[in-house]
Structures are given as structure tokens and as C-alpha cells.
Amino acid sequence: MKTTANILNKIENTLYTKAEKVNLPIIDEDLGVIIFFASQYNHTKDEYYKQRALELFNKTVEVFAEHELNYSLIHGFEGIFWVVNYLNECGVLENEDCLKNLEPHLLESIEYDLKHQNYNVLHGCLGKIQYYLYSKNVDTQKAARIVDRVVQSLYNDKIEENGAINWQDFRLKKGLNIGFFNGHPTVLKFLVRLKELGYHSDQIDEMINTLTNILLLSLDQKKGVTIRGKDINKGNEYFDVAELHGNLTIAYSLYYTGIVLNQDHLKQKAHQLALEVSSKDPKTSGIMHFKKHAFQDIGMSHGLGGITYLLFKLNNWIQDSKIKENINVWENEFLNNVTKLLSIEEKILMPEIFQKDENEYPYEKYSLLDGLLGSGLVISAMQNNKDNWGNYLAMY
């Protein structure tokens, strides 16, 4: 297998070639590539990466207004706030002045989300409000008012039944959601982050306690099978990817909560979960398999990249030698499959279960959530043993 540096170099070139055309200025595509190069600059202080990030950013600014984008952090115009804030944090940009005329639209988007109870991170207000937690350009009193508004709305709109807590948000209304980015663990992390940053209220404390208890209770329940775990290598003994990703997502949120709130029992439970998940064999993990091209899903949202990344971040806290040993197995399998994907030049379709009509459902090879962009960020973080790009996705 090629060395990690060679794999990362090929990802860099592949992403740059795609992003310089600025076909789709959203986080999941071309905007996310700017974050990738800024992250590389932040890790290495190599001016080459700074210039690449600036070049792509300037090209994006020239055409940004020409694109009609949705309300969404990942797939909409709000992603530009994450990019500018992160470029400023990494020293690629000197300030965030270019956002002044756009901020009213961000506030309008957040108000829309509150009205329609859109609380998820990828598309709703919990992702967009991260700007007010991290931007140095925002007045602290203004930021506090916006945070209070979101917390109060989140509290007022909650639906409690049989000890559970849900919202009408399309990601959260169908019972417990333990997805990597959108779900109850992410809401918990957001609320805990507010406490870590100095925000205090009875509503925050109540929701944290309820969500923590729900996640602990969920560990004794069988997780639902995800579509990405179905019809994979029938006839063999396979784990369900929902069980692995779900338990690991819960572990991350519990450990983070345990750190901030000084609750050792949460850290101990998360440690146990991380050890259990890391001990599984990636080859029999139930992760989606692309039979035609013979590779497993590398994505952060449902694939090898997400499990490897969460184990890496968790063990940076836990420092367990056995988990570290197990991470090496997951990382090698992840890198093997990234290498396979990089070698494929033809269009890749999602597995048959996704092809429900005459329209082809393509695999998003370059994306942050499912493809090479997310993989590049994960590999870079592990290679440099640090990362700071995930705050807007509640990967604190």
C-alpha cells in the first residue's frame, strides 16, 4: 500500500483539480476543499497550502453570487461563514469583513429554522449558530442573545414522552437518532459546549440530563438497521453498521460531556464502548460494500472514515494502548479502501439497493460526508495528531 503521505498528496491534487472550477460552492463540495487546504496550512505552516486556500477562496468569491443555494450549512450558502471564520482562525485571512453584508441573511436563515423547528447540525440552526460561538467579529452580547433565543426555542419545542425527548426536526422526530452528525448525541454536545463556553441556564441543564439518560438507556436497545447496512455480503456473520457508528457516536458525546461536567461514570462508559467498537473487524463491520469496484464505504457519515476518525478523537482523550492498537487496524483498512477509490476513474453508482427507479443514484466520490474530501481531513488529522476543523459539525 502507498504511504499515508502519498495518499494524502493524491487526494490534495484530486480535490484541487475539482474545486478550482467552482461548480458547486458548498461545504460538502468546493467550499469544503478550501477548509481542507486551510487545515493543511494550519498543521504544517507551509505557504503552499495557504496560497492554495486563498486562490480557491478568491475564485469562489468571484462566482458565489451567481449560484442559487439553499438554506443549509452543508449544502447551502451558510457554509461561507464557516469557511471565512476558519480561514481567519488559521491565519489565511486577516479578518472576516467580507461577511458583513451577508450576516443579515444568516440571521434570516436561523429564524427560518426556528420557525420550522430545524434543529439538526448539517442543515438546521445548530450548525449555523456555530458562527456566533467562534467568530471574533461578533459582539458578545449579540451572540448571547442569539444563543439564548435558540436554547429557549429548543426547550419550548421539545416533545417529551415516556422519558424520551424529540423535536419535529426531520432528523429528530422519529425517535432516537444516533447518526454521526445529526441526532440526539449532537444536540447533547451542542448544549454541553454552551456550558463549556460559559452559557448557563436551567433549560440547558435539564436538556443535558434528559439526553444523557436517554443515550445511556439506548445502549441496552438493539439499533435499527440502516439502509447502508443492508444486502451487504449476504450469508456471512456481519455486524450492523448502525450498531458500530451509533455506539461510537454515543461514546463520543458521553466522554465529551464527562470531561466538561466532570462526570467520571460517563467517561468510563464511553471508554468501554470505544474499546468494544475498536475491537471489531472492519472487514465484517457491515459497512456498505461497492461490489462492482470492490471497495468499502470510506465516508465519514456511514463508513470507515467516520469510525476511524471517532476512535482517533476518543483515544486522544482516553489514551488506551489497546484501542490504539485496534485503531491501526481500522486505519489500514480505511487507507486501503481510499487507495482503491483513488484508482477508479469511471463514474461510480451506489449499490443496487439505492437504485429504485430509472434514475441513476451516483456515489458522491469527492464529498465531505461520503468521499475523498472527508477522507483527506481525517487522514490529515491523524497524520498530524490534531484537528480543529470540526467545530461547526459539533465535533468539539
Side-chain angles (χ1 to χ4, degrees), residues 1-2 7 10-33 36 67 69-70 72 74-76 122-123 170-171 179-182 224-236 238-245 282-309 330 333-379:
M1 189 184 74
K2 295 181 179 179
I7 295 171
K10 189 163 185 180
I11 290 175
E12 290 172 6
N13 293 333
T14 301
L15 293 178
Y16 175 79
T17 299
K18 179 185 179 298
E20 66 175 341
K21 301 169 186 174
V22 199
N23 290 325
L24 193 54
I26 61 173
I27 290 293
D28 203 28
E29 298 281 346
D30 299 335
L31 278 184
V33 177
F36 169 74
H67 292 264
L69 301 173
N70 297 321
S72 170
I74 293 296
H75 294 140
L122 295 184
H123 309 290
F170 73 107
R171 301 282 186 180
F180 189 90
F181 295 118
N182 282 329
V225 178
T226 66
I227 188 172
R228 290 173 184 256
K230 293 180 180 178
D231 290 348
I232 308 302
N233 297 306
K234 292 179 180 178
N236 293 312
Y238 281 81
F239 303 104
D240 178 26
V241 66
E243 199 79 27
L244 297 187
H245 257 284
K283 295 182 185 299
T284 57
S285 61
I287 288 174
M288 185 168 63
H289 185 257
F290 292 76
K291 294 179 182 177
K292 179 180 177 181
H293 298 97
F295 72 93
Q296 281 182 289
D297 184 1
I298 64 168
M300 281 208 295
S301 59
H302 296 89
L304 291 165
I307 291 178
T308 305
Y309 180 58
W330 281 93
E333 194 64 28
F334 171 51
L335 292 173
N336 272 323
N337 281 274
V338 171
T339 300
K340 289 179 184 179
L341 180 59
L342 283 166
S343 70
I344 301 169
E345 296 183 358
E346 65 183 279
K347 181 179 179 180
I348 303 172
L349 297 180
M350 294 291 283
E352 290 181 9
I353 193 170
F354 290 88
Q355 312 300 334
K356 297 183 181 299
D357 52 39
E358 67 277 4
N359 297 316
E360 292 182 338
Y361 187 0
Y363 167 59
E364 302 294 341
K365 177 179 179 178
Y366 302 99
S367 79
L368 171 69
L369 300 181
D370 296 320
L372 292 171
L373 172 54
S375 296
L377 286 164
V378 171
I379 294 169

Looking at CD1 of I348 and CG of L341, how far apart are the two atoms once the value is rounded to the nearest 0.5 Å? 5.0 Å
I74 side, atom CD1; E29 side, atom CD - distance, nearest 0.5 Å: 11.0 Å
Would you call the rings of Y363 and F295 parallel, tilted or perpendicular if under 30° counts as parallel and over 60° as perpendicular? tilted
Separation of I11 CD1 from L373 CG (nearest 0.5 Å): 9.5 Å
Tell me if a side-chain donor or acceptor on D30 pairs with a main-chain N or O of N23 at a distance below 3.5 Å. yes
Between N182 and L122, the two heavy atoms sitting closest are OD1-N, 3.1 Å
Heavy-atom closest pair, residues Q296 and N337: N-OD1, 2.7 Å
If you draw a 6.0 Å radius around OH in Y366, do more than 12 non-hydrogen atoms from other residues or ligands fall strictly inside? no
For L31 and P25, work out which heavy atoms get closest and say how close. CD1-O, 3.2 Å
Distance, nearest 0.5 Å, that separates CG of L377 from OH of Y309: 8.0 Å
To the nearest 0.5 Å, tell me how far H302 NE2 sits from I307 CD1. 11.0 Å
Scanning both residues in full, the closest heavy-atom pair of P282 with E333 reads CB-CG, 3.7 Å
With side chains defined as the heavy atoms from C-beta onward, is the minimum distance between M300 and V378 less than 4.5 Å? yes
Gap separating the NZ atom of K365 from the CD1 atom of I298, nearest 0.5 angstrom: 9.5 Å
Would you confirm whether K340, through its side chain, and A294, through its main-chain N or O, come within 3.5 Å as a donor-acceptor pair? yes
W330 to I287 - nearest heavy-atom pair and separation: CZ3-CD1, 4.1 Å
Closest heavy-atom pair and its distance - F334, G305: CE1-CA, 3.6 Å
